[in-house]
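Note that ligands are numbered from 1 as they come in the structure, with each ligand's atoms numbered from 1 the same way. When a residue number appears, it is its place in the shown sequence, counting from 1.
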Amino acid sequence: MATTICPSYSTCLTIDLGAIRANYRTIAERIAPAECGAVVKADAYGLGAAKVASALLAEGCRTFFVAQLTEAVALQDAIGIGSTIFILNGLDPGCEAMCASRGFIPVLNSLSQIEHWRATARQHGIPLPAALQVDSGMSRLGIDPEIAGALAADRSFKREVSLRLLMTHLACTDEPAHPANAAQLARFQTARSYMPGVPASAANSGGSFLSPDFHFDLVRPGIALFGVPPQPDASVLHPVVRLAARVLQIRDVPAGEGVGYGHDYIAREPRRLATLGIGYADGWPRHLSDAGAAWHNGMRLPIAGRISMDSLTIDISALAADAISEGDFVELVGPSQSLEQVAGEAGTIAYEILTRLGRRHQRIYVDRDRTENSASGVNP
Ligand SMILES: *Cc1c(COP(=O)(O)O)cnc(C)c1O
């Protein structure tokens with residue numbers, strides 16, 4: 001497999017903005033006529049919110065979701081005004097004036113967030129825009145549907161808050177047949193009945209691949225934009241991320257030699273090992289000690305021993321002697337090994353692998369247009 005040359009970096013993270021744009025188009029077509037927003041919280045799942053949001057703007061996306069006010073500020077500074085930015089976690093007390101002056105839309109999740117926003121509106125003397133989250137059965141954030149009913153009947157609430165969105169979040173969209181999906185839908189419909197005319201949103205990536213009943217006016221995909229299928233059969237998405245690590249050293253170890261911290265790995269027979277310049281400080285999960293693998297020329301090269309902070313060791317005995325040299329790159333995420341595979345072997349989810357990759361990699365952004373017929377997984 002061709003490697004990317006990254007002088008002076010031990011690792012290379014390639015992010016394909018063209019694939020993100022193609023994934024956005026795929027979801028937008030699926031859920032039309034509903035609007036397709038984009039969740040770019042946590043720096044767009046670690047991939048760079050400014051770059052990702054700019055690419056999505058070019059596809060016509062005008063609605064973005066972040067988790068926190070500081071993320072909203074950074075996003076607006078990067079992409080300018082003209083888009084709607086929702087703050088999913090709502091506001092910490094004292095942040096209301098800043099949010100209002102920047103024109104962000106907070107998601108009001110609790111009675112106290114509602115009260116603080118109403119007080120800010122009274123100070124401003126005008127209704128302030130907000131989204132209202134209803135907890136339809138995830139027990140995480142949001143008010144009960146009955147409270148939404150009480151608010152709808154409260155005339156001073158209407159004078160203070162201009163409701164732009166009624167939203168909820170679904171707990172089990174990765175399992176389309178899970179009974180919680182229908183139960184949450186029913187509770188959300190109850191809340192909507194109190195607030196006719198307010199645009200509604202329920203679907204994350206998984207929900208976008210459920211039936212149109214779940215799409216309402218606006219969908220909020222995150223992980224699917226980044227190429228991770230939210231359900232097993234949602235494999236129409238293009239992979240977005242590749243990660244390669246450089247071989248720092250190659251050595252032959254005799255039988256009986258211990259490898260890495262704690263000598264968890266002991267060579268049972270003579271082995272050829274390569275040490276890679278990536279470790280858990282680069283977000284490569286320490287749970288992959290003696291479990292995961294790197295890939296080269298279609299060959300699986302198992303990790304030998306514990307993963308260190310800045311390096312790990314793989315067994316390259318299966319490769320021809322001249323197949324790989326010090327300074328070469330091997331694949332950790334790419335055509336041979338998906339994020340989902342890595343996550344599965346590490347006992348976690350692709351979301352966590354992505355968001356923990358961190359800042360130490362050389363980042364290469366590519367933006368290649370996808371036509372409808374281009375094969376997924378083929379990158380520059
Ligand atoms: C993170 C988040 C999303 C996006 O979820 P994905 O599974 O990444 O698509 C949507 N809505 C809310 C409320 C979220 O917190």
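There is no side-chain donor-acceptor pair under 3.5 Å between S156 and R122. A donor-acceptor pair shorter than 3.5 Å can be found between the side chains of R220 and H169.
Between P221 and S208, the shortest heavy-atom contact is CB-OG, 4.3 Å.
Counting only heavy atoms of the protein, atom 9 (O) of ligand 1 lies nearest to S205 OG, 2.5 Å. When hydrogens are left out, the protein atom nearest atom 7 (O) of ligand 1 is Y351 OH, 2.6 Å; that is the closest non-hydrogen contact. Shortest contact from atom 8 (O) of ligand 1 to any protein heavy atom: Y45 OH, 2.5 Å. Counting protein heavy atoms only, atom 10 (C) of ligand 1 is closest to R220 O, 3.4 Å. Nearest protein heavy-atom contact of atom 13 (C) of ligand 1 is H169 ND1, 3.5 Å. For atom 1 (C) of ligand 1, the closest non-hydrogen atom of the protein is K41 NZ, 1.4 Å.
The residue from L47, I353, T14 that alone fulfils the side-chain contact (heavy atoms from CB on, under 4.5 Å) condition with V241 is L47. Checked options I307, L312, D282, I303; the residue passing with L276 is L312 (criterion: side-chain contact (heavy atoms from CB on, under 4.5 Å)). The residue from R21, R370, R368 that alone fulfils the salt bridge (charged side-chain N to carboxylate O under 4.0 Å, His left out) condition with D16 is R370.
Residue pairs meeting the ring-ring contact (aromatic ring centres under 6.0 Å, His included) criterion with at least one partner in residues 138-157, sequence neighbours excluded, are absent.
Polar contact check, M167 against ligand 1: no nitrogen or oxygen pair lies under 3.5 Å apart.
Every atom of ligand 1 with a heavy atom of P221 under 4.0 Å away is listed here by number and element: 9 (O). For ligand 1 and L88, the ligand atoms under 4.0 Å from any heavy atom of the residue are 12 (C), 13 (C), 14 (C), 15 (O).
Heavy atoms of R140 approach ligand 1 to within less than 4.0 angstrom. Ligand 1 is never approached by F65 to a heavy-atom distance shorter than 4.0 Å.
Shown here is R356, whose CZ atom has no more than 12 heavy atoms of other residues, nucleotides or ligands within 6.0 Å.
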